[in-house]
Amino acid sequence: MRYYTEQDEWIEVEGETATVGITDYAQGQLGDIVFVELPEPGRVVERGKEAAVVESVKTAADVYAPVSGTVTEVNAALADNPALVNESAEGEGWFFRLTLADPAELEGLMDKAAYEAFLGTR
Amino acid sequence: MGAQASTGPAAEGVGARGEWGGGDGSGGAAAGTIAKAALATLPLDALHRRLGARMVPFAGHAMPLHYAKGVIAEHLWTRAHAGLFDVSHMGQLTISGQGAAAWLERLCPGDILGLRPGRMRYSLLLAEDGGILDDLMVTNAGDHLALVVNGATRASDLAYMGARLAPGLELRHLADLALLALQGPEAATALGRLGIAAAPGGVPVEALKFMEAGAFTWRGTPLWVSRSGYTGEDGFEISVPAEAAEALAEALLAMPEVKPVGLGARDSLRLEAGLPLYGHDLSPETEPVEAGLAFAISKRRKVEGGFPGAERILKALLDGPARRRVGLKPEGRQPVREGATIHAGDAAVGVVTSGGYGPSVGGPIAMGYVAAAHAADGTALEIEVRGRRLPARVVPLPFWQKSYAR
């Protein structure tokens, strides 16, 4: 099941683990992405707090953890090819994986239809 | 995601809500909504929107940040072919009357008296203490001087010069003109094919040399064209009446060599070319010598003085300034941005004033001011980003070799 935040992150949940990235809308707003700073595996991230940084040619933006958890893996491909986020934000351009601290936190997030409606209000 | 630092024009909405900060912007990030309400539209506004531009507030105007292909593609296109930039936010001023050049020399350190008709020069508008109020282009346009000043400083420049204007001189802001820049190695080919007619006795437009300018006509419309720019490439700047700007831009965009290029690539191009941006790399707190702009103080003026802050500036020339604007090349891929502090061991020795990604360089590049003792080419320094120190080196400017038609 895939969820979305109002800060334009997505989180794909499979049981106790989840994959996090930024949405296609977000990559389009940022433009050409030239650097991604990812958390160290083992780091504990908190819902709504900075977990990664994404930098385009002109700007740096924080990426927030959609839910709390412990980082288990990062997308190593982004180190050499950050433009992967532009090409495939919601697929191969994922940022990190984590184990969920509290699955109940997912309840506050949007599904795809709700996120698309939310984008329409911007 | 949320906003962080941004230098230069930034995307709105997701990520940063920044505009160009400092002197060349319409305020800080928080001013976004307020600035938007008061934004002026430029003559090519409708064309930019038709071309799919992302419009952002800049210097009080709605300006194109980039078009559909994005900053990197536009940057690389300009280096290989020709990019068309709308720079109509810049202030186009004239000074006319007997003694205009001598009067301007009282405010600028350049040799304006020695400027021959049809020649232009980069110069600086100086405050009483020698601080830089603006950087500008001055052209001897025959019966008057033509100035191009920064958009965000246009009003303050007019006030400063107006308050000091000598009797018999007239200072005008030509608000009914647009300004287009056509930049890149194929700019001359494209412009030469447009059917621009030289004024009687003038050379064809593509025969202008770097830093020359002249009057032309295109389909009956008067143009003022100079061979100059802000990208490190050969190119032209074309002053055109606002009502003809869209037709001219469309005619240029119909050429196979030409694509529209926004402010984002304008910034990355000028950064690679080592050119300072007013409000970021230059300010009233910087004087010309530490800014690396001693070349703008003409030989005669170094001897004679007679410009604002001459004592301080000539002393900096003689003794060397306490700090210098330098190029900075961070190791690795992580960009450093404006405001990042520069360190040598435990000592803070400077600050980044422009930084980002150089598409032609293929990595992060920056410029900033560092203490003179640490300003030599090759000096290893560290730049602090988000609490971490990144290794960087002082490197000669420009990052990208210029190719001007001299």
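Because the structure is a prediction, the values reported are computed rather than measured. Naming convention: chains lettered A, B, ... in sequence-line order (proteins, then strands); numbering from 1 in each chain.
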Trainee: At a 4.5 Å cut-off on heavy atoms, which part of A/Glu50 comes close to chain B: side chain, backbone, both, or neither?
Mentor: neither
Trainee: Need one label for A/Ala52: side chain, backbone, both or neither, based on atoms under 4.5 Å from any heavy atom in chain B.
Mentor: neither
Trainee: When heavy-atom pairs shorter than 4.5 Å are enumerated against chain B, which of A/Val63, A/Val34, A/Ile22, A/Thr23 gives the highest number?
Mentor: A/Val34
Trainee: Just wondering, are more than 12 heavy atoms of other shown residues or ligands nearer than 6.0 Å to CD in A/Glu73?
Mentor: yes
Trainee: Which answer fits A/Ser56, side chain, backbone, both or neither, if we ask what part of it has an atom under 4.5 Å from a heavy atom of chain B?
Mentor: backbone
Trainee: State, to 0.1 Å, how close B/Arg386 and A/Phe35 come at their nearest heavy-atom pair, and which atoms those are.
Mentor: NH2-CE2, 4.2 Å
Trainee: Who among A/Val53, A/Asn86, A/Asp80 has the most heavy-atom pairs with chain B under 4.5 Å?
Mentor: A/Val53
Trainee: Which atom pair, heavy atoms only, marks the closest approach of B/Ile72 to A/Asp32?
Mentor: N-OD2, 2.7 Å
Trainee: Please give me the minimum heavy-atom distance between B/Pro335 and A/Glu55, naming the atom from each residue.
Mentor: CG-OE1, 3.3 Å
Trainee: For B/Lys69, does the NZ atom sit with more than 12 other heavy atoms under 6.0 Å from it, leaving out its own atoms?
Mentor: no
Trainee: Evaluate the criterion side chain to side chain contact (heavy atoms under 4.5 Å, CB included) for residue pair B/His66 and A/Lys58; output intermediate values, then yes/no.
Mentor: CA-CA 11 Å; B/His66 60 77; A/Lys58 294 311 305 166; over 6 Å; no
Trainee: List the atom of B/Arg333, the atom of A/Pro82, and the distance in Å for their closest heavy-atom pair.
Mentor: NH2-CD, 3.5 Å
Trainee: Main chain of B/Met1, side chain of A/Glu9: is a donor-acceptor contact present, judged purely on distance under 3.5 Å?
Mentor: yes
